[in-house]
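Predicted model only: the values in this text are computed from it and were never measured.
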Amino acid sequence: MAGRRARTGRGWDAAPPRAGADDTTPRPRQGRRGRSEEAEPTSGESTPRDESEVAREICLRQLALRPRTRAELAGALAKKGISAEVSAEVLDRYDEVGIIDDAAFARAWVSSRHNGRGLARRALANELRQRGVDGEVASEALGELDEETEAQTARALVDRKLRTARGEPDAVFRRLVGMLARKGYPPGVAIRAVKDALAAQSAEAAEFAEQIDADALADAEGERG
């Protein structure tokens with residue numbers, strides 16, 4: 001019909017393709033402002049942090065929970081993938097300024113665990129070894145806990161347990177000696193502490209305690225251990 005534009009397969013009034021143009025070539029999507037939405041630089045990308053800075057943050061988080069030995073901090077850094085070189089550099093600096101002090105840690109550990117839990121030197125030595133404290137440093141700290149103090153603590157532990165202990169004297173004796181052994185007391189110290197405590201408890205317990213040869217039992221326990 002005259003005056004009307006012919007309808008083609010490309011839609012009303014579609015412009016014919018330009019010579020040489022490829023109709024199948026995809027064109028970039030256009031944004032609302034007519035700009036291409038293809039790859040644009042991401043503005044939120046952050047620069048990787050320095051490894052030493054990360055290592056220091058890990059150490060400070062660990063130390064915020066409780067005091068740590070150098071070995072404990074080194075282990076925490078290794079688990080987080082910090083290189084051995086950076087770890088040594090950070091820990092050396094912490095040693096210099098006193099943030100890490102294994103000797104002070106050992107002394108505080110011995111005092112706290114002995115007074116709080118009644119642990120003897122043998123158990124305390126094992127705990128310090130597990131935390132990476134050097135043997136010489138640990139021995140110096142343990143030297144502040146003398147035999148007399150250890151014996152007094154053992155007796156106090158037994159007296160406290162005897163207040164609620166039930167059963168025949170021989171059964172009570174075995175339980176209490178076992179309790180002290182688990183806390184690291186040598187057989188002689190444990191047996192004497194329990195014997196003396198039983199002797200002061202009652203006539204029946206005292207009669208049983210009289211039959212105990214503490215030295216012989218200690219020797220036998222030592223051979224078994």
Side-chain angles (χ1 to χ4, degrees), residues 39-154 156-157 160 177-190 193 218 221-225:
E40 294 183 358
T42 303
S43 59
E45 291 181 359
S46 58
T47 304
R49 290 192 301 161
D50 179 68
E51 189 179 9
S52 296
E53 180 186 349
V54 175
R56 288 191 292 270
E57 288 182 2
I58 293 170
C59 288
L60 292 175
R61 284 199 300 269
Q62 291 287 314
L63 291 167
L65 299 175
R66 67 165 176 82
R68 308 275 178 174
T69 64
R70 181 182 177 117
E72 286 180 311
L73 291 176
L77 292 175
K79 286 181 181 178
K80 295 294 185 179
I82 303 298
S83 67
E85 181 181 358
V86 170
S87 176
E89 178 184 333
V90 170
L91 295 178
D92 284 347
R93 178 56 180 162
Y94 279 9
D95 270 332
E96 290 175 10
V97 299
I99 294 176
I100 301 174
D101 187 340
D102 279 5
F105 174 93
R107 290 192 300 270
W109 187 272
V110 168
S111 175
S112 173
R113 299 287 283 175
H114 178 75
N115 294 324
R117 297 288 302 279
L119 298 185
R121 284 175 294 183
R122 186 170 61 184
L124 292 168
N126 185 51
E127 290 188 342
L128 292 174
R129 184 169 55 251
Q130 290 174 349
R131 282 154 183 80
V133 177
D134 177 76
E136 185 175 341
V137 173
S139 295
E140 185 176 344
L142 291 166
E144 298 183 9
L145 179 59
D146 57 40
E147 293 181 1
E148 183 179 354
T149 301
E150 199 171 53
Q152 290 173 351
T153 303
L157 287 169
R160 188 159 64 243
V177 169
M179 178 269 293
L180 291 178
R182 289 190 295 275
K183 289 182 177 291
Y185 289 89
V189 174
E221 288 293 328
E223 290 175 3
R224 281 209 300 258

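Considering all non-hydrogen atoms of both residues, A151 and V189 come closest at CA-CG1, 4.2 Å. Nearest heavy-atom pair, V90 versus S52, reported as atom, atom and distance to 0.1 Å: CG2-O, 4.1 Å. The two residues G118 and Y185 come nearest to each other via the heavy atoms O-OH, 2.8 Å. Contact between K183 and A123 at its shortest, heavy atoms only, is O-CB, 3.3 Å.
Taking CD of E89 as the reference point, atom CD1 of I82 lies at 11.5 Å (rounded to 0.5 Å). Expressed to the nearest 0.5 Å, how far CG of L119 lies from CD of E150 amounts to 10.5 Å. Taken to the nearest 0.5 Å, the SG atom of C59 stands 6.0 Å off from the CD1 atom of I100. Note that NZ of K80 and CD of E57 are 11.5 Å apart. Values are rounded to the nearest 0.5 Å. The distance from the CZ atom of R117 to the CG atom of L124 is 10.5 Å, given to the nearest 0.5 Å. If you take CG on L157 and CG on L180, they are separated by 6.0 Å, rounding to the nearest 0.5 Å.
Scanning for ring pair (Phe, Tyr, Trp, His ring centres under 6.0 Å) contacts around F105 gives W109, with sequence neighbours left out. Every side-chain contact (heavy atoms from CB on, under 4.5 Å) that R93 has, sequence neighbours left out, goes to E96, V97.
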Donor-acceptor contacts under 3.5 Å from residues 69-79 side chains, at least two apart:
from, atom 1, to, atom 2, distance (Å)
T69, OG1, E72, N, 3.1
T69, OG1, R131, O, 2.5
R70, NH1, D92, OD1, 3.0
R70, NH1, D95, OD2, 2.4
R70, NH2, D92, OD1, 2.8
E72, OE1, R66, NH1, 3.4
E72, OE1, T69, N, 3.0
E72, OE2, R66, NH2, 2.8

(request) Starting from the C-alpha separation in whole Å, work towards a yes-or-no answer on side-chain contact (heavy atoms from CB on, under 4.5 Å) for E147 and R121. (result) CA-CA 9 Å; E147 293 181 1; R121 284 175 294 183; 3.2 Å; yes
(request) Run the numbers on D102 and D134 for side-chain contact (heavy atoms from CB on, under 4.5 Å), then give the verdict. (result) CA-CA 8 Å; D102 279 5; D134 177 76; over 6 Å; no
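Between the side chain of E51 and the main chain of V86, no donor-acceptor pair closer than 3.5 Å is present. Here the side chain of T153 pairs a donor or acceptor atom with the backbone of T149 at under 3.5 angstrom.
The number of heavy atoms from other shown groups lying within 6.0 Å of CD (E140) does not exceed 12.
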